[in-house]
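The structure appears right after this line, and notes come after that.
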Amino acid sequence: MAAADASQRIVELRQLLQTASYAYYVLDAPQMEDAVYDQLYRELQGLETQHPTLITPDSPTQRVGARPATQFVSVQHHIPLYSLENAFNEGELRAWEERWQRLRPDITSFEYVCELKIDGSALALTYENGLLVRGATRGDGTMGEEITQNVRTIRAIPLRLQGEHPPSRLEVRGEAFLPLDVFQQINQEREQAGEALFANPRNAAAGTLRQLDAQIVARRRLDFFAYTLHLPAREGGEIPDLTSQWSGLERLQSLGFRVNPHRCCCQTLQEVLDYYDRWSTERLNLPYLTDGVVAKLNSLALQAELGFTQKFPRWAIALKYPAEEAPTRVQQITIQV
Ligand code: NAD
């Protein structure tokens, strides 16, 4: 595409994606299907790769999520919350592996931890001396919304960590979600009350977490799976230094968190693909939604070396399931601008 046409299309795409993101993240009321959003996002990414001088800092490709809403206190995350890079097929998964291996060509022995990608809303939990002191949404990854009172209503999140001598401070990341039966019940009640229905369990979970009335949150019975444990460096107490994602998950479990049981350690990318294939059908029997699987390098030392891009960890990737419905509205939406 010629630079002038690309520039015009980039402006259109940014505007579309920004409007959609606001509806999705701030209003919890998506205006377009996720598959449509993903397709437009990829088109923008492709054009920006071809024309890097046209990238601006406010482009949707340059940030995670959305800024915190104003009705909550904004809090800075002690450790940023990143999004995950997406792969939609085997080729993209292999390209990701090649990318991280180019940074560490000497590494020949490694493992991946595969986890289900829970379709909910990320939470950052802070514990001090074993007590939950703060719960926050991801927000834009740097600043989130402080929603501690709402987080305290989630039964799967311990208010006090199990075990003696917890470190003076630790951070837990995980996904709050609504089980499918609860989601259906909430929408039935909303329909009877003449209220707008939630588009899907993910938006219902995000909307519930940002309710101003914690009693409503408690009634909605959110659930939670923890997936990351951040321990402070060289801390006293009984929790030994972590060396792997796998041991972090086990440690989270012993601290009293619910950790998804369907995790698996893989030695090769083919094993990751087998796990993905297996769960692409078995997920239909789960009582909650998943939208893919996540593969993470198991070694925390290697994770630390590879680090992050502006938006993603280089050591993890989300392998997404294809959209159930084809993005039929792309054409319509792009013409509207
Ligand atoms: P994402 O949902 O694709 O992936 C990142 C998130 O996965 C993390 O923040 C975390 O919350 C979650 N996660 C679940 N299980 C996990 C696990 N085991 N380990 C680590 N993380 C796990 O990324 P995103 O930035 O939250 O959202 C992008 C998605 O939102 C896109 O797919 C897009 O379709 C959708 N979106 C849709 C619209 C719309 O208008 N429909 C607008 C904006 C975004």
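Start at 1 and go down the list; that is how both ligands and their atoms are numbered.
Of the protein's non-hydrogen atoms, Tyr24 CD1, 3.2 Å is the one closest to atom 38 (C) of ligand 1. For atom 1 (P) of ligand 1, the nearest protein heavy atom (residue, atom name, distance) is Lys117 NZ, 3.3 Å. Atom 15 (N) of ligand 1 has Ile118 N, 3.1 Å as its closest protein atom, hydrogens excluded (heavy atom only).
Atoms of ligand 1 found under 4.0 Å from any heavy atom of Asn86 (numbered from 1 in listed order, with element): 3 (O). Those atoms of ligand 1 with a heavy atom of Lys320 less than 4.0 angstrom away are 3 (O), 32 (O). In the vicinity of Ala20, heavy-atom distances shorter than 4.0 Å reach the ligand 1 atoms 40 (O), 42 (C). Interface of Met32 with ligand 1, defined as ligand atoms under 4.0 Å from a residue heavy atom, comprises 39 (C), 40 (O), 41 (N). Counting the atoms of ligand 1 from 1 in the order shown, those under 4.0 Å from a heavy atom of Asp38 are 31 (C), 32 (O), 33 (C), 34 (O). Each of the following atoms of ligand 1 lies closer than 4.0 Å to a heavy atom of Ser83: 5 (C), 23 (O), 24 (P), 25 (O).
At a 4.0 Å cut-off, at least one heavy atom of Arg202 sits close enough to ligand 1 to count as contact. In this structure, Lys296 is part of the shell of residues with a heavy atom less than 4.0 angstrom from ligand 1. For Leu116, the closest heavy-atom approach to ligand 1 falls below 4.0 Å. Note on ligand 1: Val64 sits outside its first shell, no heavy atom being nearer than 4.0 Å.
Residue-to-ligand polar distances keep Leu84 apart from ligand 1: every N/O pair is separated by 3.5 Å or more. On a distance-only criterion, Ser121 and ligand 1 share no N/O pair closer than 3.5 Å. Distances between N or O atoms of Arg138 and those of ligand 1 include at least one value under 3.5 Å. Considering backbone and side-chain atoms together, Glu175 places an N or O closer than 3.5 Å to an N or O of ligand 1. Polar contact with ligand 1: absent for Ser21 (N/O pair, distance under 3.5 Å). Not a single N or O atom of Pro30, backbone or side chain, sits closer than 3.5 Å to an N or O atom of ligand 1.
Between Tyr288 and Phe225, a ring centre-to-centre spacing shorter than 6.0 Å is recorded. Residues Tyr112 and Phe110 place their aromatic rings such that the two centres sit under 6.0 Å apart. Taking the six-membered ring for Trp, Tyr321 and Phe88 have ring centres at least 6.0 Å apart.
Under 3.5 Å, the side chains of Gln253 and Arg258 contain no donor-acceptor pair of N or O atoms. Side chain to side chain, Glu191 and Asn187 fail the donor-acceptor criterion of an N or O pair below 3.5 Å. Looking only at atom types and distance, the side chain of Thr56 has no donor-acceptor partner in the side chain of Ser59 under 3.5 Å away.
Connection of Phe257 to Val113 is established within a shared hydrophobic cluster, with ILVMFWY side chains joined at heavy-atom distances below 4.5 Å, either directly or through further cluster members. With hydrophobic clusters built from ILVMFWY side chains whose heavy atoms lie under 4.5 angstrom apart, Leu249 shares a cluster with Ile157.
Shortest non-hydrogen contact noted between Arg263 and Glu115 is CB-CG, 4.4 Å. Considering all non-hydrogen atoms of both residues, Glu85 and Phe312 come closest at N-CD2, 3.1 Å.
Scanning Tyr25, Tyr82, Phe177, Tyr41 for the heavy atom closest to atom 27 (O) of ligand 1 points to Tyr25. Considering only non-hydrogen atoms, atom 22 (C) of ligand 1 lies nearest to Tyr227 out of Phe225, Phe312, Tyr227.
A cation-pi contact, defined as under 6.0 Å to the ring centre and within 45° of the axis, is absent between Arg173 and Tyr227.
With hydrogens and angles ignored, the 3.5 Å screen pairs no side-chain donor or acceptor of Asp223 with any backbone N or O of Leu178. In this structure, Glu271 contributes its side chain and Gln267 its backbone to a donor-acceptor pair below 3.5 Å.
Heavy atoms of Glu115 found under 4.0 angstrom from ligand 1 belong exclusively to the side chain.
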